[in-house]
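Both counts, for ligands and for their atoms, begin at 1 and track the order of listing. Worth saying up front: this structure is predicted, and the values here are computed from it rather than measured.
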Amino acid sequence: MTNGRHILVFPEPADVARKAAELFCDIGRGAVVNRRCFNVCLAGGSTPKAAYTLLAEEYGNSLFWELVNVFFGDERNVPPDHADSNYRMAREAFLDRLPFATGRIHRIPAELGAEKAAQDYEAVLRRELGEKEARFDLVLLGIGNDGHTASLFPYTKLLHIDDNPCAAEYVESVHSERISLTFPILNSARHIVVLATGEGKTEILKTVFSSAEDVERYPVQGLKPADGQVTWLIDKAAAGRLFESGIGLDVITAEDPGGKTALEREN
Ligand code: 6PG
């Protein structure tokens with residue numbers, strides 16, 4: 001592990017999804033044992049869909065799903081049944097397929113308009129997670145080709161919000177309003193796991209891991225959990241140019257069933 005981050009490289013996207021599902025359940029079980037519930041913040045975009053589908057299809061007996069409180073890291077400015085909705089993607093792949101308890105799935109109500117949705121979701125986060133100790137057990141995130149994560153895009157005001165767990169902003173690069181959790185609540189998480197697969201992520205990963213910190217330019221560099229680490233689950237295609245970069249990688253080969261890290265293999 002280097003710089004508070006742990007980068008695991010897997011042969012294929014399916015291996016990344018499998019490790020994500022296993023980490024989801026491992027962290028979830030620990031949370032349920034220690035705190036009688038599992039507060040998880042889901043990622044949007046397309047990458048996590050494979051992990052969500054795997055959880056729905058193969059991990060039904062791996063967690064007390066009734067004790068899972070589901071939140072979202074961000075949402076597009078669309079209704080919940082829109083093709084671009086992060087909630088819809090997670091609902092179809094995952095949330096409709098396991099016995100989550102009513103009232104424990106907290107989507108961002110983007111249909112209210114971005115500003116109102118952000119205000120309402122702030123109230124939900126404070127109510128459900130507490131005013132002071134608002135912490136997720138697990139935050140799942142992705143990374144965009146411009147280095148954004150959640151809807152924290154380069155050179156936006158959201159990057160500087162330090163007193164509010166959720167906010168909205170018009171994002172020029174995607175020509176739309178976005179609602180996003182902000183760094184304070186993301187970085188208070190016990191575990192942050194970032195998923196990136198495919199050669200389309202090669203360039204940005206190399207840049208983000210090897211460039212000097214510039215959170216304005218590469219917001220994902222702002223993921224610095226107060227007392228945790230960021231675990232990156234990437235596949236070989238996304239790792240592309242990292243192998244020659246000298247960056248610390250934990251390469252999981254196909255021979256490692258379940259994608260055990262070097263540390264796990266040693267013990
Ligand atoms: C979103 C996500 C966003 C996503 C990245 C990567 O609303 O789009 O929250 O941060 O994780 O853009 O997206 P892909 O997984 O589709 O590459």
Side-chain angles (χ1 to χ4, degrees), residues 10 12-14 16-17 19-21 24 40-54 70-80 82-95 106-111 114 117-118 121 136 138-156 158-159 165-183 185-187 189 192-208 215 217-223 230-235 237-240:
F10 294 85
E12 300 296 336
V16 168
K19 186 64 176 179
F24 187 104
V40 60
C41 182
L42 298 184
S46 57
T47 304
K49 187 172 180 179
Y52 297 160
T53 302
L54 205 54
V70 177
F71 301 84
F72 288 81
D74 71 319
E75 190 53 276
R76 289 85 180 273
N77 196 23
V78 294
H82 191 282
D84 291 346
S85 165
N86 288 333
Y87 165 72
R88 175 176 164 182
M89 181 275 283
R91 181 176 61 74
E92 292 176 344
F94 180 34
L95 304 177
H106 306 284
R107 67 177 182 85
I108 297 173
E111 69 278 10
Y121 208 60
F136 292 113
L138 170 62
V139 173
L140 289 174
L141 290 165
I143 176 174
N145 292 338
D146 59 357
H148 80 261
T149 191
S151 281
L152 299 171
F153 283 80
Y155 308 109
T156 55
L158 295 187
L159 302 181
C166 183
E169 183 170 355
Y170 179 81
V171 180
E172 187 59 46
S173 59
V174 294
H175 312 297
S176 73
E177 300 248 32
R178 286 290 189 98
I179 304 118
S180 184
L181 269 55
T182 53
F183 281 128
I185 193 165
L186 295 177
N187 282 327
I192 295 178
V193 174
V194 186
L195 309 180
T197 60
E199 59 187 22
K201 303 292 184 190
T202 303
E203 281 308 313
I204 190 60
L205 289 179
K206 173 86 167 48
T207 301
V208 158
V215 176
R217 189 170 180 192
Y218 306 118
V220 77
Q221 292 179 332
L223 295 177
V230 182
T231 300
W232 288 78
L233 304 183
I234 68 179
D235 70 345

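- Below 30°, between 30° and 60°, or above 60°: for Tyr121 and Phe71 the angle between ring planes is above 60°, a perpendicular geometry.
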* To do: Tell me, with the steps shown, if Phe24 and Leu54 meet side-chain contact (heavy atoms from CB on, under 4.5 Å).
  => CA-CA 11 Å; Phe24 187 104; Leu54 205 54; over 6 Å; no
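- With hydrogens and angles disregarded, no donor-acceptor distance shorter than 3.5 Å links the side chain of Glu75 to the backbone of Ile108.
- Residue-to-ligand polar distances keep Pro48 apart from ligand 1: every N/O pair is separated by 3.5 Å or more.
- None of Ile179, Leu140, Leu42, Val40 except one satisfies the side-chain contact (heavy atoms from CB on, under 4.5 Å) rule with Phe72; the exception is Leu42.
- Under 4.0 angstrom from ligand 1, there are no non-hydrogen atoms of Glu75.
- Of the N or O atoms in Ser151, none lie within a sub-3.5 Å distance of an N or O in ligand 1.
- Within the 4.5 Å cutoff, side-chain heavy atoms of Phe183 are placed close to those of Leu223.
- The nearest non-hydrogen atom to atom 9 (O) of ligand 1, considering only Asp74, Ile143, Val174, comes from Asp74.
- Scanning Ala238, Ser46, Ala196 for the heavy atom closest to atom 16 (O) of ligand 1 points to Ser46.
- Put simply, the residue from Leu195, Ile192, Asp74 that forms a side-chain contact (heavy atoms from CB on, under 4.5 Å) with Leu141 is Ile192.
- Of the protein's non-hydrogen atoms, Lys201 NZ, 2.7 Å is the one closest to atom 17 (O) of ligand 1.
- Under 4.0 Å from ligand 1, the heavy atoms of Ala150 that appear belong solely to its backbone.
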